Amino acid sequence: MFGPSIRLDIEAEVGFVVGAPSTMGTPVPLADFREHVFGLCLLNDWSARDIQAWEYVPLGPFLGKSFATSVSAWITPLDALEDSRVAPPERTHELLPYLDDSAEEPGGYDLRITVAINGHTVSEPPFSTMYWTAAQQLAQMTANGASLRTGDLYGSGTVSGPLERERGSLLELTWNGSDPSNSRPASGRSWKTATR
């Protein structure tokens, strides 16, 4: 049936803001990330899960993702987060040379995001567990020569940790609606620590 979404969801993400443009046709290597990215912000990639699920076969996400993205009211400069830099998680797959960050400075950031519903914290996803760093995402995004413009914004993808209380979307928190108790406020109850 055609109509408004009845499964609106959030996706807790980190957004990266480009400060300096790149030349069209020139990929941005990992080492040049800080020359092009000014800072980061919080990003909510709103999702209409019912519409998104219908669009996936065969189209892909269009209307289910295209209606809203929210960003925080401020941008934190990367220089202010220097002490938050950490190594990304151990790699489980061999990386292509242009994405191999083993010889680079640590490219992860130790950030904790708080997801609250009506003022009640329901999740605290850790950004430090993200497999791909922002530098790797930038390198991949420009690998085909796509250029960057000042003010461009790209998102990290949903930030989710291995524990239930670290999931970054309601879809994950409720296990696609089969466990709605996981999205309730955490006060007075214990979180399960096993992953599914």
Side-chain angles (χ1 to χ4, degrees), residues 10-47 65-66 68-117 119 121-163 165-169 172:
I10 56 101
E11 291 184 33
E13 299 190 20
V14 174
F16 294 90
V17 182
V18 172
S22 67
T23 305
M24 184 172 284
T26 306
V28 176
L30 295 173
D32 290 354
F33 167 74
R34 295 174 67 81
E35 291 180 27
H36 292 281
V37 173
F38 164 71
L40 57 82
C41 61
L42 295 178
L43 188 147
N44 179 7
D45 184 14
W46 295 93
S47 299
K65 302 287 282 183
S66 67
T69 300
S70 302
V71 296
S72 56
W74 60 89
I75 299 169
T76 303
L78 292 183
D79 289 343
L81 297 167
E82 193 61 31
D83 291 339
S84 299
R85 293 176 70 179
V86 294
E90 183 178 338
R91 305 304 183 184
T92 56
H93 296 81
E94 185 177 345
L95 300 176
L96 292 171
Y98 72 98
L99 295 174
D100 184 358
D101 59 355
S102 58
E104 302 292 328
E105 292 182 347
Y109 286 94
D110 186 14
L111 310 173
R112 182 154 296 265
I113 299 167
T114 298
V115 176
I117 298 175
T121 299
V122 296
S123 179
E124 293 184 318
F127 191 66
S128 61
T129 63
M130 295 295 282
Y131 190 87
W132 298 108
T133 68
Q136 287 172 316
Q137 288 182 311
L138 187 68
Q140 177 64 23
M141 188 167 58
T142 61
N144 67 351
S147 62
L148 302 173
R149 296 172 299 173
T150 300
D152 280 351
L153 172 74
Y154 68 97
S156 64
T158 306
V159 181
S160 290
L163 304 178
R165 68 176 175 270
E166 297 176 334
R167 295 176 182 164
S169 71
E172 295 172 346

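The residues of the chain are indexed from 1 along the displayed sequence. Treat the numbers as computed from the prediction; the structure is a model and nothing was measured.
Within the 3.5 Å criterion, the main-chain N or O of Glu172 finds a donor-acceptor partner in the side chain of Ser169. Not a single donor-acceptor pair under 3.5 Å links the side chain of Ser147 to the backbone N or O of Met24. Asp152 contributes a side-chain N or O that, together with a main-chain N or O of Arg149, makes up a donor-acceptor pair within less than 3.5 Å. A distance-only check finds no donor-acceptor pair linking the side chain of Arg85 to the backbone of Tyr109 [under 3.5 Å]. Side-chain N or O atoms of Gln137 include one that pairs as donor or acceptor with a backbone N or O of Ser156 at under 3.5 Å.
Taken to the nearest 0.5 Å, the CZ atom of Phe38 stands 6.0 Å off from the CD1 atom of Ile75. Going from atom CG of Leu81 over to atom CG of Leu111 covers 6.0 Å, rounded to the nearest 0.5 Å.
Shown here are the side-chain contact (heavy atoms from CB on, under 4.5 Å) partners of Gln140, two or more places apart in sequence or in another chain: Tyr98, Leu99. Applying the ring-ring contact (aromatic ring centres under 6.0 Å, His included) rule to Phe33 yields no partners; only residues at least two apart in sequence or on another chain are considered.
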>> Go through it in stages, so that I can follow the logic: the residues are Asp79 and Arg34, the test is salt bridge (charged side-chain N to carboxylate O under 4.0 Å, His left out), and I'd like the CA-CA distance, side-chain angles, deciding distance and then a yes or no.
In response: CA-CA 9 Å; Asp79 289 343; Arg34 295 174 67 81; 3.2 Å; yes

> Can you list the steps and then say if Trp46 with Ser70 is a side chain to side chain donor-acceptor pair (under 3.5 Å)?
Replying inline: CA-CA 8 Å; Trp46 295 93; Ser70 302; 2.9 Å; yes

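Atom CG of Asp83 is surrounded by 12 or fewer heavy atoms from other residues, nucleotides or ligands within 6.0 Å.
Screening residues 11-31 for side chain to side chain donor-acceptor pair (under 3.5 Å), with sequence neighbours left out, gives Glu11-Ser47, Glu11-Arg49, Glu11-Lys65, Glu11-Thr158.
Of all the heavy atoms in Val14 and Leu43, the pair that sits closest is C-CB, 4.3 Å. Closest non-hydrogen pair, Thr121 versus Glu124, comes out as CG2-CG, 4.0 Å.
For the pairing with Leu153, the side chain to side chain contact (heavy atoms under 4.5 Å, CB included) check across Leu40, Val18, Val71 returns one residue only, Val71. Val159 pairs in a side chain to side chain contact (heavy atoms under 4.5 Å, CB included) with only one of the listed residues (Glu166, Arg167, Met130, Arg112), which is Met130.
In this pair, Tyr131 and His93 present their aromatic rings perpendicular. The plane angle is above 60°, beyond the 30 to 60° band.
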